[in-house]
Structures are given as structure tokens and as C-alpha cells.
Amino acid sequence: MGMQPLVRAVNVTKAFGHNEVLKGIDLSVESGQVVTLLGPSGSGKTTFLRCINQLETIDGGRIWVDGDLMGYREDGGKLYRLTDRQIAAQRRNIGMVFQRFNLFPHKTVLENICEAPVVVQGRKRRAVEQEALTLLERVGLQDKPRAYPNQLSGGQQQRVAIARALAMSPKLMLFDEPTSALDPELVGDVLAVMRDLALSGMTMVVVTHEMAFARDVSDHVVFMDGGVVVEEGPPKEVLVNPQHNRTRNFLQRVREEHADGVEEVPDHVRQPGEPVD
Ligand SMILES: Nc1ncnc2c1ncn2[C@@H]1O[C@H](COP(=O)(O)OP(=O)(O)OP(=O)(O)O)[C@@H](O)[C@H]1O
Ligand SMILES: [Mg+2]
């Protein structure tokens, strides 16, 4: 253990037409670590997450997840593209949670969570449902298995989306601004679930503007701008004493936009019926 990082990206480049979006990203994530990815709009954060998860094909560089070279097989110094089927198998190790929850609207919460393990992994529905109920408890929604997405708040839907990703037993979880589409009062419960997940040892890469999460939960903060990593390090260094002007300006701007101050990340999920205080 500890021999190799769970995620290792080396000199990753990606362009859309003439728009060079990633200009040589290096990033390592140790097993069990939580890395927060910060950066202005358009800096390439989403694109980079999508590259890790093979939703985009990279133009140059390499990405390994748990020792697997993503998307390619290397033989005698040459790269050979994997088949769609092989890539799909690699992607199954990675859970992704987006800003928009993308739940199936005509399926119940339980059906949403069980769909992929049953259909993709071919597991027995009964066993998967048992696990799904446990996952629902973990995200504070044990009373909602029969609900449909449109009967849930945005925050509840996002917690279902997290449970759904966890149902595939991923080695790595990627979060792309999971709370930025939520009403402010719903953000805390989702962050609390993510914090619990971090404490349970899940390896996570999180794009967020939630500075309290970056500060309190992540082990490592990466600031990207213009397709490069400008600065990275422990949250106490990058957030408190940034070395680069671009980082300082960005942090200043985020703090002004969230002028109501940085709240603590709640340390537990509120249970149904518990007062909202
Ligand atoms: N599928 C695509 N086709 C063409 N250009 C794209 C595509 N996806 C992203 N881009 C471009 O890549 C750049 C980086 O976009 P990306 O979504 O990765 O930024 P981001 O850091 O996630 O920004 P935000 O904070 O707004 O989510 C932008 O210039 C964007 O227009
Ligand atoms: Mg984005």
C-alpha cells in the first residue's frame, strides 16, 4: 500500500478544435485522499474530471487509475486505444456526481440506485436492494426508497445520486460542483454526506467553490487556471497563504461572492424529523 497513487495524471493535454483547454496537467491522488479542484470558470476543471473518467479522450499524456492506464494499452512504447467495452469496464471503477443529478425520472429512488448494479454488473436484485437500503441510510434518506425524483428536494436528489454512484462500489469518486445547483439551505446535508464518505476512506476528487469543504475536508487543494495547475498543496497553505497572484485573486473573488461567510461543514447528516435550526 502507498506504493502508487490511486490517480496519477501526467502531462494531460486536451483541445476542443483550436481551444487548448488542458495544457499539461499533472496530478496525483493518494488512496483515501480527498483533493479539491478550484479554479475560475473555463479553467478546465470539468474537462479534466471528464478525462479521468474517459468521458473525454485526451490528446496527450497519461492517466492511471489504480495502476490501470485509462483508455489505452501500452506496448513497446506505443499506445493502442482500448475497445469501448474495455473502457466501459475501466469506467465502472469510477463514480461521478454532477451538478445536475440526472436521476431517471420514471424510476423510484430504489430503482435508480439498483439499475446499474443489476443491469451492468448483472448482480442479483434482492442483494443489490439490501445494499441500496443501507446506502440510503448512509445518505439520510432511509424513508425515501419508494419516492420518485420529482417528489424530492434538490439536495435529496443529489444524495440519491451519490448513493447511486456508491452502489457500483467505485474505487474513486469524482464530484463536479455537486452543490452549486442547490438552494443554500440544502447544501449542508450534501456536504455532510461527502464528508462522511471522505472519513470512510473513499478517494475523492471534488470540484467545488465551497471553501469550508476545501479547508476542513480535503487533504490537498489544486488551483487551476487557463488549463494549467497554478498552485497546489495542503488547504492551510493554498487557501490561507497562496503564493500566486492568480490564486489570491480567485480566492478573493469567491469570498466576495459568498459574503455571508464560510460556514462549517456539518459533521452529520440531519435525520428526518430533526429540527433544521
Ligand atoms: N464539449 C466541448 N466542446 C467544445 N468546447 C468545450 C467542450 N467542453 C468544454 N469546452 C471548453 O473548454 C473550456 C473549459 O471548460 P470546462 O467546462 O472544463 O471549464 P470549468 O473549469 O469546468 O468551468 P466552470 O467553472 O464554468 O464549470 C471552456 O472554454 C469550454 O468552452
Ligand atoms: Mg465545470
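Start at 1 with the first residue, then count along the sequence. All values reported here derive from a predicted model rather than from experimental measurement. Read the numbers this way: they start at 1 and go in the same order the structure lists the ligands and their atoms.
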Short side-chain to backbone donor-acceptor contact, [X] and [Y], under 3.5 Å:
X	Y	result
Thr13	Gly60	yes
Asn112	Phe104	yes
Glu30	Val7	no
Lys45	Gly39	yes
Gln90	Leu69	yes

The Mg ion (ligand 2): protein N, O or S atoms that are less than 2.8 Å away, sorted by chain: Thr46 OG1
More than 12 heavy atoms from other groups under 6.0 Å of CZ on Arg100: no
Is the closest heavy-atom distance from [X] to ligand 1 below 4.0 Å?
X	answer
Gly44	yes
Pro40	yes
Glu177	yes

Could you find the nearest protein heavy atom to [atom] and give me its residue, atom name and distance?
atom	answer
atom 21 (O) of ligand 1	Lys45 NZ, 2.8 Å
atom 9 (C) of ligand 1	Phe16 CE1, 3.5 Å
atom 16 (P) of ligand 1	Thr47 OG1, 3.6 Å
atom 17 (O) of ligand 1	Thr46 CB, 3.6 Å
atom 23 (O) of ligand 1	Gly42 N, 2.8 Å
atom 12 (O) of ligand 1	Val21 CG2, 3.1 Å
atom 26 (O) of ligand 1	Ser41 OG, 2.6 Å

Hey, can you tell me if Phe250 and Phe223 have their rings parallel, tilted or perpendicular (30° and 60° cut-offs)? tilted
Test of understanding: with salt bridge (charged side-chain N to carboxylate O under 4.0 Å, His left out), list the residues that count as partners of Glu231, not counting sequence neighbours. none
Considering all heavy atoms, the nearest Val109-Leu152 contact: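 Reported closest heavy-atom pair: CG2-CD1, 3.6 Å.
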Are Val205 and Val12 linked, directly or through other ILVMFWY residues, by side chains that come within less than 4.5 angstrom of each other? yes
Within one Ile-Leu-Val-Met-Phe-Trp-Tyr cluster: Leu55 and Leu174, side-chain cutoff 4.5 Å: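 Yes.
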For ligand 1, which atoms sit closer than 4.0 Å to a heavy atom of Ser43? 19 (O), 21 (O)
Side chain proximity check, Arg138 to Ser200, heavy atoms < 4.5 angstrom: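 A side-chain contact under 4.5 Å exists here.
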Any N or O on Glu56 sitting closer than 3.5 Å to an N or O of ligand 1? no
Ligand 1 versus Asn19: contacting region, heavy-atom distance under 4.0 Å: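 It is the side chain that touches ligand 1; the backbone stays farther off.
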